*Asks:* 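Following this message is one structure expressed as structure tokens.
Keep in mind that this is a model prediction, so the values were computed, not measured. In the text below, chain A, chain B and the rest are named by the order of the sequence lines, each starting its count at 1.
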There are 2 protein chains.
Amino acid sequence: MQEYHALLKRTTLFAGIDDAGLDRLLSCLAPSCRNFSKGEALLHAGQSAGQVGVVVAGAIEAYRIAPDGTRILVSRMGPGGVFGDVLGGSSLTSPVTVVATEPVSVLFFAYHQLLVQCRNNCPAHTQLLQNLVRTISDKYFVLSRRVDLLLLKNLRAKVSSFLLSEAKRTGTATFTVPFTRAQLAEYLNCDRSALSRELSRMQAEGLIETYKSSFKLLDSTTLAHLSSQ
Amino acid sequence: MQEYHALLKRTTLFAGIDDAGLDRLLSCLAPSCRNFSKGEALLHAGQSAGQVGVVVAGAIEAYRIAPDGTRILVSRMGPGGVFGDVLGGSSLTSPVTVVATEPVSVLFFAYHQLLVQCRNNCPAHTQLLQNLVRTISDKYFVLSRRVDLLLLKNLRAKVSSFLLSEAKRTGTATFTVPFTRAQLAEYLNCDRSALSRELSRMQAEGLIETYKSSFKLLDSTTLAHLSSQ
DNA sequence: AAAAAACCGTTGCCGTGGCAACAAAGGATC
DNA sequence: GATCCTTTGTTGCCACGGCAACGGTTTTTT
């Protein structure tokens, strides 16, 4: 378990907790570590979990399964990713299916143990609770950001808004997005060909340069103007 | 404070807590009660709160203020409504402005007191924490539902989906929605005239009956079919 | 290395829905 | 009761973007 200390301290769930606190917490919470092979499901849509998972190695994807069977990508996570938190340990059923995209190791924490202050009265537990609330509200704001994007009135505004947020996230005006065209179109809720068309136009107008999934923003001020209308 | 017991027990934040537990909790948490007059702001966008508010009388609305100054209705709450919870007591700033739509009384709970198990070790505190997580994840799912709605490909699907969810919520096929046409159009992210047009068509086709903000669903099975495409 | 599959750009066609403008019907205020 | 303002329905116009189809390129499979 020691081996995960450095990683755990960088997760949102255990941020701001020192080594001693983390030690005591881990011995109290006694998470179980499980390994999954590529393609295996960690959580099925419709299940209720009662556990919070923390990815310590590998990567996972969360899909929403539409009634017609098509998979819609909701989220991707690498080491440090936290899932199952939004279910609140209640009997709520998961809206998503979580699948390993490569061999993955996950620590599972029982939800009721996260909520109950143990008899050892670990001082780090308060921080943990605050972090738990924080991980959930973070996801709330990610979703809120998505709503903002979907509310934009035309495709160019959506594209501009998305590109600017990616530039901000990566901290540079030249970046690669981890999506195929089709996935990006799905995220922006538009047709793939329409997205290609719009990107071509924007390139022709000198707003951006793009090849495959790499982008270079040439005129951020105009993009910012476009993204809010 | 006694006078609020019955109300508080029906809120999501204090659900499942008995009178004795509620008594001890309230004396520990020592919420402050504040009154606001109609139109007064309880929380400004951009502020960070550090408090959770529970409406005990009156009603409030949460607005998002667009860069061009227009107000977008995000949420409405009556007695029992909880707000400020999603900010997680952290330094996150509120994305919305909360305004009293009529004279309102609110109990404010300090966030850090909610998270810290007090030295009295109230047994109800664990339930409270679980409830807090639950109120936040509830809001997550409300937003998630909104995303589902916005992802639908055409207006008829959005309208059908919305009407069905309202019917489910009210438990009857004849109901009134608390929105003007313009507000409903805003929620569905479409033009007001387009919404009126679509409702007219649906009425002409015998799917619904509608007058102003009252609706009657005539063919729920067809509506259900429309709402998922 | 060949074959298959996935991915991407492009283009013609056309329908949904945005926009603007107007009329009618309450509701509120005086 | 007259006036003003808000809310709603309606309709013509047309642009944005969905759809389908095709070809070229890259990647994966065997």
*Asks:* Considering only dT10(D), dT10(C), dG18(D), which nucleotide approaches the side chain of Cys190(A) most closely?
*Replies:* dG18(D)
*Asks:* Without decimals, in angstroms, what is the distance between Leu151(B) CG and dG18(D) P?
*Replies:* 12 Å
*Asks:* Nearest to the Asp191(B) side chain among dC19(C), dG9(D), dC19(D), which nucleotide is it?
*Replies:* dC19(C)
*Asks:* Round to a whole Å and report the spacing from CD of Gln203(B) to P of dT8(D).
*Replies:*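 Taking atom P of dT8(D) as the reference, CD of Gln203(B) is at 15 Å.
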*Asks:* Base, sugar-phosphate or nothing for Ser200(B)? Non-hydrogen atoms, less than 4.0 Å.
*Replies:* sugar-phosphate
*Asks:* So Ser196(A), base contact, sugar-phosphate only, or nothing? Heavy-atom distance under 4.0 Å.
*Replies:*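 Base: the residue Ser196(A), judged by heavy atoms under 4.0 Å, touches a nucleobase.
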*Asks:* Can you tell me the distance, in whole Å, between the CZ atom of Arg156(B) and the P atom of dT16(C)?
*Replies:*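 Distance, rounded to whole Å: 10 Å.
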*Asks:* Would you mind checking if Arg197(A) and Asp191(A) are paired as a salt bridge, meaning a charged N to carboxylate O distance below 4.0 Å?
*Replies:* no
*Asks:* Can a donor-acceptor pair be found, under 3.5 Å and without considering hydrogens, that links the side chain of Asp219(A) to the backbone of Leu207(A)?
*Replies:* no
*Asks:* Set out, line by line, the N/O atom pairs under 3.5 Å between protein and nucleotides 23-28 of chain D.
*Replies:*
none

*Asks:* Please determine if a side-chain N or O atom of Arg192(B) lies less than 4.0 Å away from the OP1 or OP2 oxygen of dT8(D).
*Replies:* no
*Asks:* Quick check on side chain to side chain contact (heavy atoms under 4.5 Å, CB included): which of Ser160(B), Ser220(B), Ser165(B) does Ser227(B) satisfy it with?
*Replies:*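 Of Ser160(B), Ser220(B), Ser165(B), side chain to side chain contact (heavy atoms under 4.5 Å, CB included) with Ser227(B) is met by Ser160(B) alone.
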*Asks:* Would you tell me whether Ser144(A) and Arg146(B) have side-chain atoms, one donor and one acceptor, within less than 3.5 Å of each other?
*Replies:*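 Distance-only check fails for Ser144(A) and Arg146(B).
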*Asks:* The side chain of Asn154(A) lies closest to which of these nucleotides: dG9(C), dC16(D), dG18(D)?
*Replies:*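 Of the options given, the side chain of Asn154(A) lies nearest dC16(D).
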*Asks:* Send over the distance from Leu188(A) CG to dG18(D) P, rounded to a whole Å.
*Replies:* 10 Å
*Asks:* Is it the case that the base of dG18(D) and the side chain of Arg197(A) share a donor-acceptor contact (distance under 3.5 Å, atom types as modelled)?
*Replies:*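 It does, because a donor-acceptor pair links the side chain of Arg197(A) to the base of dG18(D) below 3.5 Å.
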*Asks:* What's the CD-P distance between Glu198(A) and dC16(D), to the nearest Å?
*Replies:* 9 Å
*Asks:* Whole-Å distance between dG17(D) P and Met202(A) CE?
*Replies:* 12 Å
*Asks:* Give the rounded distance in Å between these two atoms: CG of Leu199(A) and P of dG9(C).
*Replies:* 7 Å
*Asks:* Is any side-chain N of the basic residue among Arg76(B) and Glu61(B) closer than 4.0 Å to the acidic one's carboxylate O?
*Replies:* yes
*Asks:* Could you tell me how far apart Glu186(B) (CD) and dT7(D) (C1') are, to the nearest whole angstrom?
*Replies:*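 Result: 15 Å.
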*Asks:* If the test is side-chain hydrogen bond (donor to acceptor under 3.5 Å, both in side chains), which one of Gln203(B), Arg156(B), Lys158(B) qualifies with Glu198(B)?
*Replies:*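 The side-chain hydrogen bond (donor to acceptor under 3.5 Å, both in side chains) with Glu198(B) is passed solely by Arg156(B) among Gln203(B), Arg156(B), Lys158(B).
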*Asks:* Side chains of residues 132-139 of chain A: which donor-acceptor partners sit under 3.5 Å, not counting sequence neighbours?
*Replies:*
from, atom 1, to, atom 2, distance (Å)
Arg134(A), NE, Asp138(A), OD1, 3.1
Thr135(A), OG1, Asp85(A), OD2, 3.2
Thr135(A), OG1, Leu132(A), O, 2.7
Ser137(A), OG, Val133(A), O, 3.3
Ser137(A), OG, Arg134(A), O, 3.2
Ser137(A), OG, Val86(B), O, 3.4
Lys139(A), NZ, Val82(A), O, 2.8
Lys139(A), NZ, Asp85(A), OD1, 2.9

*Asks:* Counting side-chain heavy atoms from CB outward, which of dG17(C), dG17(D), dA20(D) is closest to Ser193(A)?
*Replies:* dA20(D)
